[in-house]
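Working notes for the structure below.
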Protein chains: 2
Amino acid sequence: MPMNPLANETCLRILDSESGTDFDPEPDPLARLDADGAAKAYHRGQEIYRPEDPAEYWYRILFGVARKCALLADGRRQIVDFLLPGDLFGFAARRKRHFGVEAAVDGTLVIRYPRRQVEILADSDNRVGRMIRNMAFEANARMQMRMLILGRMTAVEKVGCFLTEMADRSSEGPSAPILLQMSRYDIADYLALSIETVSRALSDLKRRGAITINRKRHVIIADRKALGGLVAVGT
Amino acid sequence: MPMNPLANETCLRILDSESGTDFDPEPDPLARLDADGAAKAYHRGQEIYRPEDPAEYWYRILFGVARKCALLADGRRQIVDFLLPGDLFGFAARRKRHFGVEAAVDGTLVIRYPRRQVEILADSDNRVGRMIRNMAFEANARMQMRMLILGRMTAVEKVGCFLTEMADRSSEGPSAPILLQMSRYDIADYLALSIETVSRALSDLKRRGAITINRKRHVIIADRKALGGLVAVGT
DNA sequence: CGATCGTTTGAGGTTCCTCAACAAGTGTGG
DNA sequence: CCACACTTGTTGAGGAACCTCAAACGATCG
């Protein structure tokens, strides 16, 4: 079945205790935390947390885009994940993180919860615990899909997967035109490509009629099948 | 600080509720499950579960090595993780998995727990829930490190990281000689390289004196610094 | 208007993959 | 015991994919 590995996975990243988890009536138990949360706006490039910061908070994007990234000493950068509205992030076992998170666009709005509060809530209400576990499992599955993309796909396939992922994660639905809020630099570091290759891949997809592009960051998927990197059965 | 990103992360993959997690006295609450578990031996290449199987069990490796992998329709394969003794795997939110797991060596011994039992235990004992959460967070951090390796490292760096990872995950300690139980094929698919490139990278490291190799699968790290891909601070 | 940033496109170079041959180890059957 | 097939791993030659360097373009902003 030809499908983008990340498609239809991402819509349920957070806040979706329904879908398949058994017996979980309450839509969002974590909402109870919002009273303890502090929201803050960030401009593009501003750090939300650093890898060396003690992991005393969990965060949730309310608006905008953030990037979770790792840096090598010689400047090589890998964006591990894009964080979109609704996404919860910042957990760490053992209080230590290994990645930094920065706003990828101006005006990114982030709410912050004290980790202790969340832990206490999780301990007192096992639906919360289960929800957090499932969230972590989902995140894991996504990361694993991304490893397949990073490791075994060509440049054009990577960009195709990226576009369908963004379409599927869009709040406006998977068929809406895609507004790429992040720069080509960010896309390149997300896909482990150079910006030039990203640009060429986009031009290539456009030439083939798989997408149309207006105003540089506005992409419409014309032929979804022409984009997806096919994921196979597991024999 | 020059360090292998995966080094010293992996020793605490499972069974380590101590280390940094706050207030968790019991060493392994999951051990209580062993009564419900069924152990089984697998030969090399035998499937432990398929991606399309309903996720009704969790598994733990007792002996041997397993590989979690994804397959593309045209034969491209990505090994997402190697599972070593002690590693717990097979969780999925929403009962659906996206990867298969197969034994990578003959005689791999795996114990299987009914998912319901684990869930019930997690709900009844919030130390278990916390432990599972932390496990998932650790797994996540590892996957993210692997993305950096897959995306932004050269072939030789990848192989170097792989060797130090295997050394650090070895039950015999990080300084013991490394017995590579998996084939070059598996290593290649783990690192997203071709087998030839893996072979050449190993020869290269040997030529430089970073490692010595006897009997093809027996590697001794001579100069650990010469292997590691340096992970940088997060600005 | 010039300056800057983000993006595209081209030319050339590097890394890694593919194809191929070969070597070493292992098991099988005569 | 050897011959043989088979698997696994190494090494070389050539080619493809992607990166680097460079130039140019458009948009935005002072």
Nucleotide by nucleotide, nucleotides 10-19 of chain D touches protein heavy atoms under 4.0 Å in the pattern (B base, S sugar-phosphate only, - none) BBBB----SS
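For B:Phe137, the ring-ring contact (aromatic ring centres under 6.0 Å, His included) partners two or more places apart in sequence, or in a different chain, are A:Trp58, A:Phe91. Residues meeting the side chain to side chain contact (heavy atoms under 4.5 Å, CB included) test with A:Ala70, sequence neighbours left out: A:Phe99, B:Leu148. By the side chain to side chain contact (heavy atoms under 4.5 Å, CB included) test, A:Arg200 is found to be paired with A:Glu196, residues two or more places apart in sequence or in another chain being considered. Remark: A:Arg67 pairs with A:Glu102, A:Asp186 by the salt bridge (charged side-chain N to carboxylate O under 4.0 Å, His left out) rule, at least two apart or across chains. With sequence neighbours excluded, the residues satisfying side chain to side chain contact (heavy atoms under 4.5 Å, CB included) with A:Thr154 are A:Val156, A:Glu157, B:Arg76. Remark: B:Thr197 engages B:Ala155, B:Leu193, B:Ser194 in a side chain to side chain contact (heavy atoms under 4.5 Å, CB included) (not counting sequence neighbours). B:Arg207 meets the salt bridge (charged side-chain N to carboxylate O under 4.0 Å, His left out) test with B:Asp204; sequence neighbours excluded.
Here D:dA27 presents its P atom at 13 Å from CG of A:Asn214, a figure rounded to the nearest Å. Atom CG in B:Asp186 sits roughly 14 Å away from atom C1' in D:dG9 (whole-Å rounding). Summarising the geometry, the separation between OH on B:Tyr185 and C1' on D:dC6 is reported as 12 Å, rounded to the nearest angstrom.
Interface limits on DNA chain C: the 5'-most and 3'-most nucleotides within less than 4.0 Å of chain A heavy atoms are C:dG6 to C:dA11.
Counting any heavy atom pair closer than 4.0 Å across all strands shown, A:Arg217 reaches sugar-phosphate atoms only and no base atom.
Of the residues B:Met182, B:Arg77, B:Glu165, B:Lys158, the one that meets the side chain to side chain contact (heavy atoms under 4.5 Å, CB included) test with B:Tyr190 is B:Glu165.
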